[in-house]
Peer 1: 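Structure incoming, see below.
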Number of protein chains: 2
Amino acid sequence: MPAVTPEPAAVVARPGGRTARIRAAVLQAAGDALVADGFDRLDLADVARRAEVGRTTVYRRWGTPAAIVADLLDDMAAQSLPRADTGTLRGDLRANARLVRRTLTDPRQGPLFRAVIVAATADPRAAEALRRFYAIRIAEWAPCVTQAVTRGELPAGTDADEVIRAVSAPLYYRFLMSGDPLDEPAADRAADAAAAAAEAGVYR
Amino acid sequence: MPAVTPEPAAVVARPGGRTARIRAAVLQAAGDALVADGFDRLDLADVARRAEVGRTTVYRRWGTPAAIVADLLDDMAAQSLPRADTGTLRGDLRANARLVRRTLTDPRQGPLFRAVIVAATADPRAAEALRRFYAIRIAEWAPCVTQAVTRGELPAGTDADEVIRAVSAPLYYRFLMSGDPLDEPAADRAADAAAAAAEAGVYR
DNA sequence: GGCATAACGGGACTCCCGTTCCATTAGCGG
DNA sequence: CCGCTAATGGAACGGGAGTCCCGTTATGCC
């Protein structure tokens, strides 16, 4: 544990070539280490070795595993995924559910998300980075719901964000706790359940 | 990390007074430590200090933080909570949702559940203990759904376990990821959403 | 292109986690 | 009640994570 909280990794006086290169190498290496060993075994010295960077640099700029994960998460949030537009609420929600499912079962992204969620339970900055991440993702998909309201598929006043979250929730529940298979039928059921509840006016 | 995997804590040749007393003291101390510092800071030496037990004993009998958590979880599973029987599906599911909400927001149980879920992502035995735990909880509440089927509130062939899980999922999603408030309206909405989806035949 | 200094890297040092060894305690069977 | 031995606990040891010090590198600015 560091004696003092280091500066956020993004705040640097010289964000030039070397610093940026090192940040990229460290985040890449941290991702690899997280996929291989999980968050609880994340060792900054190991990350430095993988990134071919001095240990001191990693300890100084990030200081804790959770800080690295928070930075990694902000990096992931930058890459955006386009939402679907199938013309029906159910189609859009199914597309969203399948995307979430594919992400969580991906051999690299799955362990990464696990690590990120674990880090968020331990570190407030990682928790905030996680919330920022999902805020972006949800905002990207909320238009599916507002369009459905416009089309008359859903009652007016439906909380779009809540519907999108309702699609993800059962999938994350399986992912983190129950261990039940995360297959496509499960994804479709999650989407259909959210749609049915929204149609019934639960999220109004 | 121990050189070899120690025996499961329950398997002891002399489960008599001293051994049982030490197990109880260690689990109590581990719970306190988890509530205070979270799983990632769980230190077996600290647990031994709190339990007023030799470090060696803790390292020998459990070996890893995750093993202690798994044992603690089996201990928690032993205490059962009675399910509700309000006469209607919606009433029963709301009672369940409110119980889950109260558990997760409880100043002791909340951090404990967080720790347990984190441990499950890192250790297979903790993960299995977690699945056992929820299997018991879900089996206790599934009759609410089968009764609703009998009463004709739900279509025949509805997957009772899946409905109960659908009630919990949005609450755990808030608890672990979104950080949105876990208040009673949220609990009721989770119950209503599960009921609406079940009525629509999504879980058939 | 040259200067000031932010940022990096190597090496040594410290501290504490986890292990091992062995003496002591206390269940459990006779 | 008496031994046998499982189980506990104290103490010392080894190793690795995290810190500190200081010399080196290269970035941003003039």
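Order of the sequence lines sets the chain letters (A, B, ...), proteins ahead of strands, with each chain counted from 1. Just so we're clear, the structure is a prediction, and the values are computed from it rather than from any experiment.
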Peer 1: Side chain of Asp43(B), heavy atoms from C-beta onward: which of dG9(D), dG9(C), dG18(C) has the nearest atom to it?
Peer 2: dG18(C)

Peer 1: What is the distance, to the nearest angstrom, from the CG atom on Asp46(B) to the P atom on dC16(C)?
Peer 2: 13 Å

Peer 1: Does the structure place the NZ or CZ of Arg189(A) under 6.0 Å from the centre of the six-membered ring of Tyr203(B), at an angle of no more than 45° from the ring's axis?
Peer 2: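 Here Arg189(A) fails the 6.0 Å and 45° test against Tyr203(B).
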
Peer 1: Check the distance between dT19(D)'s P and Tyr59(A)'s OH and give it to me in whole angstrom.
Peer 2: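 For the pair Tyr59(A) OH and dT19(D) P, the rounded distance is 7 Å.
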
Peer 1: Rounded off to whole Å, could you give me the CH2-to-C1' distance for the Trp62(A) and dG18(D) pair?
Peer 2: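 About 16 Å, once rounded to whole Å.
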
Peer 1: Roughly, in whole Å, what's the span from CZ in Arg23(A) to C1' in dA7(C)?
Peer 2: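 Rounded to whole Å, this separation is 16 Å.
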
Peer 1: Between dA12(D) atom P and Arg55(B) atom CZ, what is the distance in whole Å?
Peer 2: 11 Å

Peer 1: Within this structure, what is the CG-to-P distance between Asp37(B) and dC17(C), rounded to whole angstrom?
Peer 2: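 From Asp37(B) CG to dC17(C) P: 12 Å.
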
Peer 1: Could you tell me how far apart Leu42(A) (CG) and dG16(D) (P) are, to the nearest whole angstrom?
Peer 2: 18 Å

Peer 1: From the options dT27(D), dA7(D), dG9(C), select the nucleotide whose nearest atom is closest to the side chain of Arg21(A).
Peer 2: dT27(D)

Peer 1: Between dG18(D), dC8(C), dA7(D), spot the one nearest the side chain of Ile22(A), thanks.
Peer 2: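 The closest nucleotide is dC8(C).
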
Peer 1: Take atom CZ of Arg60(B) and atom P of dC22(C), then tell me their distance rounded to the nearest Å.
Peer 2: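 Taking atom P of dC22(C) as the reference, CZ of Arg60(B) is at 14 Å.
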
Peer 1: Using the side chain to side chain contact (heavy atoms under 4.5 Å, CB included) rule, pick out the option among Thr103(A), Thr105(A), Leu99(A) that qualifies with Arg101(A).
Peer 2: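 The option that passes is Thr105(A).
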
Peer 1: Quick one: side chain to side chain donor-acceptor pair (under 3.5 Å) pairs with a partner in residues 140-149 of chain A, sequence neighbours left out?
Peer 2: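 The answer is Ser80(A)-Glu140(A).
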
Peer 1: Of all the nucleotides listed (dC17(C), dG10(D), dG10(C)), which has the minimum atom distance to the side chain of Thr56(A)?
Peer 2: dG10(C)

Peer 1: Looking at every heavy atom in both Leu34(B) and Phe39(B), which two are closest together, and how far apart are they?
Peer 2: CD2-CA, 3.6 Å

Peer 1: Considering only dC17(C), dT8(D), dC8(C), which nucleotide approaches the side chain of Ala45(B) most closely?
Peer 2: dC17(C)

Peer 1: Describe, in one word, how the ring planes of Phe133(B) and Phe113(B) are oriented to each other, choosing from parallel (under 30°), tilted (30 to 60°) and perpendicular (over 60°).
Peer 2: perpendicular

Peer 1: Among the nucleotides dA7(D), dG9(C), dG9(D), which one has an atom lying closest to any side-chain atom of Thr57(B)?
Peer 2: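 Given the options dA7(D), dG9(C), dG9(D), the side chain of Thr57(B) is closest to dG9(D).
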
